[in-house]
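Because the structure is predicted, anything quoted here is derived from the model rather than measured.
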Amino acid sequence: MKLSLKRLFGRSMTGGLDLAEAPTPPSPRSAARKTALVSLALVLAIIGALAGGYYFAMRPVTLKIAVGPANSDDLKVVQALTQAFTQNKSQVRLRPIQTDGATASADLLAEGKADLAIVRGDVDVPKNAQAVATLRKNVVVLWSVPGKGKKKGAKITKIPQLAGHRVGVIGKTQANVNLLKVILQQYGVDPAKVEIIQFPANEAAEAIKSQKADAYLAAGPVNSKITAEAIASSAKDGGTPTFLAIDSADAIAQNHPVYEASEIPAGTYGGSPDRPDDEVKTISFSHHIVARKGISETTIAAFTRQLFAVRQQLVAEFPLAAKIETPDTDKDAVIPVHPGAAAFVDGEEKTFLDKYSDYIWWSLMALSAMGSIGAWFAGYLKKDERDNNSHLRDRLFDMIAAARKSETTEELDQMQTEADEILRDTLRCFDHGAIEEAALTAINIVLDQFHAAVADRKAVLFSMPQNLQRAGAQFRAAGNA
């Protein structure tokens, strides 16, 4: 039986069974509807929280990357990467910070002023740096040039012969000077007995032409334009550069793990005959992209993935981009790998659900538990109202029995007034959610029975003479006495 609140209010409790003229109060909101609205609000709140969390986790992240010096290949590659990431609307974006060189870039990373940096593997790498990728590998090229005129001297063909001579180091970075000293010491040559002259890369051709040194050192990629032009300058005017092999490359690599044994292929620097005319042993070192320790594993994994995704796009403009390699993930690597980069290399990169599924699951469980506890607590608080409603229903049953035995209409009117109060209390409990629609339906059934009993008894009393009604009342009063 479906409850009709109109029926409950349709009766005039003090005026009999006049259903047509009785006012119809507004229907109260059911507890079920309240529960549905609260549940809907809770679901919407959960969806909103999940959507907000997804947006927060997937929003673009900008990383500051230190790189230098100006006009270097490293800077150009980073600028190209920055543009590519922006055009592709990638999750990770870059903001280059130009520095004076790899050492300055490393200092910014150590100070926490940069998130990423391009550093040389043979300089002091910050303790908070972790490898993300190998940008390129540089080889060391040592060659001597024949003297001319008054400066013509004995031909230098081996590294030990550099003692007492001048060696020109191309590039102003101290790291190249330190590199030369490592090589000299490996061959037992005291660096103090060698005159080291440094000059910028753009002055190399003029320095070679002016015979400022007897031998030269350059460090850069195998196909370095700077190195190739310097060697070409050495070959002008009929001169033939002599390449000095670093035969102890393996020993140097063993003593200094930042270096590796390498070779310069024959003909790398062109010319006729080829320069060099045969393969030359040397050492190499890497330029690394490193990240500051503590940066999110998710962020670095995304950056690494983007880096290798756009690498081929940059090859046409920057051939060096093809040399970008994954980092060394071994535990004994010179520069420890960042966990995010390692996850990408090992194929263990986590998706959004992989990372946050446990949090989502436990959040839903917690919300469900909180909802159940809240519902139980709300029900507990309304226990007294439910109990009181049960007592009122029992009272209506007693009033039905009393109405059928009543001898006066005054008693029936008093019971109808009490029934009005019971109805008011019942609807108040329903409004508060203390009782459900089924309980309200039960009260309606009992009220119908009560009204029927009152109507039947009044019909009987109205058909009786007034003297009989008074006699009956007096008789009951005497019996009670």
Margin query: Closer than 3.5 angstrom, by distance alone: can the side chain of S90 be matched with the main-chain N or O of V92 as a donor-acceptor pair?
Written below: no
Item checked: CA sep, side-chain torsions, deciding dist, call: V141, L217, side-chain contact (heavy atoms from CB on, under 4.5 Å) -> CA-CA 6 Å; V141 184; L217 177 145; over 6 Å; no
Note to self: Within the 4.5 Å heavy-atom criterion, are L179 and I283 side-chain neighbours or not?
What the structure shows: yes
Margin query: Is it the case that the side chain of E195 and the backbone of G164 share a donor-acceptor pair, with hydrogens and angles ignored and the cut-off at 3.5 Å?
Written below: no
Check: Which atom pair, heavy atoms only, marks the closest approach of A205 to S233?
Finding: CB-OG, 3.4 Å
Margin query: For the CD atom on Q254, are there more than 12 heavy atoms of other groups (residues, nucleotides or ligands in this structure) within a distance under 6.0 Å?
Written below: no
Check: Are any of the side-chain heavy atoms of P339 and Q130 separated by less than 4.5 Å?
Finding: yes
Item checked: Which atom of K64 lies closest to which atom of R95, heavy atoms considered -> CD-NH2, 2.8 Å
Next item on the list: Scan R166, H165, Q161 and name whichever one has a side-chain hydrogen bond (donor to acceptor under 3.5 Å, both in side chains) with D214.
Entry: R166
Item checked: Residue that, paired with T242, satisfies side-chain contact (heavy atoms from CB on, under 4.5 Å) out of P276, S234, S144 -> S144
Notebook entry, point to check: Which heavy-atom pair separates P191 from L184 by the least distance, and what is that distance?
Noted result: CA-CD1, 4.1 Å
Checklist line | Residue pair L162, L244: steps toward the side-chain contact (heavy atoms from CB on, under 4.5 Å) verdict | finding: CA-CA 10 Å; L162 291 175; L244 308 183; 4.2 Å; yes
Next item on the list: Search all heavy atoms of A129 against all heavy atoms of I335 and return the closest pair with its distance.
Entry: O-CG2, 4.1 Å
Next item on the list: Return yes if some donor-acceptor pair links the side-chain N/O of T299 with the main-chain N/O of I295 below 3.5 Å, else return no.
Entry: no
Next item on the list: Can you label the angle between the F303 ring and the F85 ring as parallel, tilted or perpendicular, going by 30° and 60°?
Entry: perpendicular
Check: Can you tell if the side chain of L307 reaches within under 4.5 Å of the side chain of I324, non-hydrogen atoms only?
Finding: yes
Checklist line | E203 side, atom CD; K212 side, atom NZ - distance, nearest 0.5 Å | finding: 6.5 Å
Notebook entry, point to check: Between D250 and K281, is there a salt bridge with N-O shorter than 4.0 Å?
Noted result: yes
Next item on the list: May I ask you to decide if S284's main-chain N or O and S262's side chain share a donor-acceptor pair within less than 3.5 Å?
Entry: no
Item checked: Nearest heavy atoms of V194 and A163, plus distance in Å -> CG2-CA, 4.1 Å
Note to self: With heavy-atom distances below 4.5 Å as the criterion, would you say the side chains of V310 and N88 are in contact?
What the structure shows: yes
Next item on the list: Apply the test side-chain contact (heavy atoms from CB on, under 4.5 Å) to residues Y216 and V167: give CA-CA distance (whole Å), side-chain angles for both, the deciding distance (0.1 Å), then the verdict.
Entry: CA-CA 5 Å; Y216 296 90; V167 177; over 6 Å; no
Checklist line | Heavy-atom side-chain contact between V67 and T99 under 4.5 Å | finding: no
Next item on the list: Would you please name every residue forming a salt bridge (charged side-chain N to carboxylate O under 4.0 Å, His left out) with K137, sequence neighbours left out?
Entry: E260
Next item on the list: Evaluate the side-chain proximity of L81 to L314: yes if any heavy-atom separation is below 4.5 Å, no if none is.
Entry: yes
Next item on the list: To the nearest 0.5 Å, tell me how far N138 CG sits from S224 OG.
Entry: 8.0 Å
Item checked: Check ion pair D115-R292 (N to O, under 4.0 angstrom) -> yes
Next item on the list: Show your reasoning for whether side-chain contact (heavy atoms from CB on, under 4.5 Å) applies to L108 and I97.
Entry: CA-CA 9 Å; L108 284 183; I97 301 176; 3.9 Å; yes
Note to self: Once rounded to the nearest 0.5 Å, what's the spacing between atom CD1 of I118 and atom NE2 of H288?
What the structure shows: 10.5 Å
Margin query: We want to know whether N176 and R120 form a side-chain donor-acceptor pair, criterion being a heavy-atom distance below 3.5 angstrom.
Written below: yes
Notebook entry, point to check: From L423 CG over to N444 CG, what is the distance, rounded to the nearest 0.5 angstrom?
Noted result: 9.0 Å
Notebook entry, point to check: Short question: side chain of E279, backbone of E263 - any donor-acceptor pair under 3.5 Å?
Noted result: no
Margin query: Looking at G340, is its backbone amide N or carbonyl O close enough to the side chain of H338 to form a donor-acceptor pair, meaning the two atoms are under 3.5 Å apart?
Written below: yes
Next item on the list: For D330 and D332, indicate whether the former's side chain and the latter's backbone hold a donor-acceptor pair under 3.5 Å.
Entry: no
Next item on the list: Return the set of residues passing ring pair (Phe, Tyr, Trp, His ring centres under 6.0 Å) with Y187 (not counting sequence neighbours), or none when no residue passes.
Entry: none
Notebook entry, point to check: What are the two closest heavy atoms between D328 and V337, and how far apart are they?
Noted result: O-CB, 3.7 Å
Item checked: Short side-chain to backbone donor-acceptor contact, T268 and I264, under 3.5 Å -> no
Notebook entry, point to check: Can you tell me if CG on N178 sees more than 12 non-hydrogen neighbours from other groups inside 6.0 Å?
Noted result: yes
Show every donor-acceptor pair shorter than 3.5 Å between a side-chain atom in residues 68-76 and any protein atom, with sequence neighbours excluded, or say none if there are none.
residue : atom : partner : partner atom : Å
S72     : OG   : P69     : O            : 2.7
S72     : OG   : L75     : N            : 3.3
D74     : OD1  : R136    : NE           : 2.8
D74     : OD1  : R136    : NH2          : 3.1
D74     : OD2  : R136    : NH2          : 3.1
D74     : OD2  : H287    : ND1          : 2.9

Notebook entry, point to check: Could you state the interatomic distance from OH (Y259) to CG (D122), rounded to the nearest 0.5 Å?
Noted result: 4.0 Å
Note to self: If you count every heavy atom of other residues, nucleotides or ligands that lies below 6.0 Å from D100 atom CG, does the total exceed 12?
What the structure shows: no
Note to self: So L109 and V125, do their side chains get closer than 4.5 Å, heavy atoms only?
What the structure shows: no
Margin query: Just verifying a value: how many Å separate L116 CG and I65 CD1, rounded to the nearest 0.5 Å?
Written below: 5.0 Å
Checklist line | Side chains of W143 and Y269 in contact at under 4.5 Å (non-hydrogen atoms) | finding: no
